[in-house]
Amino acid sequence: MTPDTKDLTLLGNQNTPYIFEYTPEILERFDNRHQANDYFIKFNCPEFTSLCPITGQPDFATIYLSYIPDKYCVESKSLKLYLFSYRNHGDFHENCINTIGKDLVKLLEPRYLEVWGKFTPRGGLSIDPYYNYGKPGTDFEEMARYRLMNHDLNPETIDNR
């Protein structure tokens, strides 16, 4: 372990707690060793699940998470367990994506962060909510505004639904 990872409790733990109710407290972070650099870290979660809060039926999505770290990076195993914690959580697609974004902004205080959920259709309609954040008072705030306005001008061909 290095000084910046000494507080991590999940990585390498053979007795991993799998919690299937929304649990933001499971998220862990470590120090960004490259704070002088602007760089993206990207995660894709193609097996995200949550429940419809009205019917209790499962919803499935691919979650795309990208961020430019400042002082901290999210520990990937804790992120995986956090996303698993939505398994039995009843919430609308839009709320899931906004909550994920806000939880990560609170944890990481990033320069920039975006979360895009691409949910599989139910009833013939898919919902793809998008959340982003740019650190106020920086160029990243303007970047967030620009990306929000332009993030889906040229939608990709969707072939996995």
Side-chain angles (χ1 to χ4, degrees), residues 1-120 122 127-138 140-141 143-144 147-148 151:
M1 288 255 166
T2 61
D4 59 338
T5 60
K6 66 179 174 22
D7 295 326
L8 300 179
T9 63
L10 300 170
L11 188 61
N13 183 347
Q14 298 300 314
N15 298 313
T16 300
Y18 288 92
I19 302 167
F20 298 107
E21 283 295 330
Y22 169 68
T23 310
E25 301 80 20
I26 202 161
L27 285 166
E28 294 185 340
R29 67 185 186 189
F30 61 92
D31 292 339
N32 175 12
R33 295 182 192 173
H34 305 281
Q35 291 181 35
N37 299 349
D38 289 332
Y39 64 100
F40 267 105
I41 299 173
K42 297 185 176 193
F43 294 97
N44 299 322
C45 178
E47 298 175 344
F48 180 84
T49 60
S50 61
L51 299 176
C52 173
I54 306 301
T55 67
Q57 293 181 358
D59 290 314
F60 303 93
T62 297
I63 305 294
Y64 299 96
L65 164 66
S66 302
Y67 72 101
I68 299 173
D70 193 1
K71 295 178 184 175
Y72 307 108
C73 297
V74 67
E75 193 281 311
S76 60
K77 186 174 183 180
S78 77
L79 177 62
K80 175 182 76 170
L81 295 173
Y82 167 74
L83 293 173
F84 283 179
S85 82
Y86 277 84
R87 174 64 185 94
N88 291 325
H89 178 68
D91 216 340
F92 293 114
H93 304 342
E94 300 86 349
N95 291 335
C96 289
I97 297 308
N98 277 276
T99 301
I100 290 167
K102 289 175 181 178
D103 285 345
L104 290 169
V105 166
K106 182 179 176 183
L107 175 77
L108 301 174
E109 302 168 21
R111 296 174 188 168
Y112 176 81
L113 181 134
E114 63 187 27
V115 182
W116 195 350
K118 297 194 176 192
F119 286 81
T120 56
R122 272 205 302 119
I127 302 174
D128 296 348
Y130 175 85
Y131 167 95
N132 77 351
Y133 162 89
K135 185 172 267 190
T138 70
F140 299 103
E141 183 177 32
M143 177 182 167
R147 286 178 73 102
L148 178 64
H151 87 279

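- Leu65 is not listed as a side-chain neighbour of Cys45, based on a closest heavy-atom distance of 4.5 Å or more.
- Here the closest non-hydrogen pair linking Lys106 and Glu109 is O-CG, 4.2 Å.
- Between His151 and Tyr130, the angle of the ring planes stays under 30°, which puts this pair in the parallel group of the 30/60° scheme.
- Considering only heavy atoms from C-beta on, Asp59 stays 4.5 Å or farther from Tyr86 through its side chain.
- Taking OG from Ser76 and CD1 from Ile41, the interatomic distance works out to 10.0 Å, rounded to the nearest 0.5 Å.
- Aromatic ring pairs are classed by plane angle as parallel below 30°, tilted from 30° to 60° and perpendicular above 60°; the pair His93 and Phe119 is parallel.
- Using a 4.5 Å heavy-atom threshold, the side chains of Phe84 and Ile26 count as separate.
- Annotation: side chain of Asn132 is not in contact with side chain of Trp116 (no heavy-atom distance under 4.5 Å).
- With rounding to the nearest 0.5 Å, the separation of CD in Glu21 from OG in Ser85 is 8.5 Å.
- Judged by distance alone, with hydrogens and angles left aside, the side-chain atoms of Thr120 form a donor-acceptor pair with the main-chain N or O of Phe60 at under 3.5 Å.
- By the 4.5 Å heavy-atom criterion applied to side chains, Asn32 and Tyr39 are counted as neighbours.
- Residue Leu113 comes nearest to Tyr131 through the heavy atom pair CD2-CE2, 3.9 Å, listed as atom of the first residue, atom of the second, then distance.
- Annotation for Lys135: atom NZ counts as buried by contact number, over 12 foreign heavy atoms lying within 6.0 Å.
- Here Arg111 pairs with Asp70 in a salt bridge; the nearest charged N to carboxylate O distance falls below 4.0 Å.
- In this structure, Glu47 places its CD atom where only 12 or fewer heavy-atom neighbours from other residues, nucleotides or ligands lie under 6.0 Å away.
- Put simply, CG on Asp128 and CD on Glu94 are 10.5 Å apart, with the number rounded to the nearest 0.5 Å.
- Contact detail for Arg87 and Leu51: the closest heavy-atom pair is O-CG, 3.7 Å.
- Taking the side chain as every heavy atom from C-beta outward, Thr99 and Asp103 approach each other to under 4.5 Å.
- The CD atom of Gln57 sits 7.0 Å away from atom SG of Cys52, with the distance rounded to the nearest 0.5 Å.
- The nearest pair of heavy atoms linking Leu108 to Tyr72 is O-CD1, 3.6 Å.
- The minimum heavy-atom distance linking His89 with Tyr22 is given by the pair ND1-CB, 3.5 Å.
- Using modelled atom types, one side-chain atom of Ser78 and one backbone atom of Glu75 make a donor-acceptor pair closer than 3.5 Å.
- Residue Glu141 holds its CD atom at 8.5 Å from OH of Tyr133, rounded to the nearest 0.5 Å.
- Inter-residue side-chain proximity for Ser50 and Phe48 is flagged as met; some heavy-atom pair is nearer than 4.5 Å.
- When all heavy atoms of Tyr67 and Pro110 are compared, the closest pair comes out as CD1-CB, 4.3 Å.
- Side-chain contact between Leu104 and Leu79 is present, with at least one heavy-atom pair separated by less than 4.5 Å.
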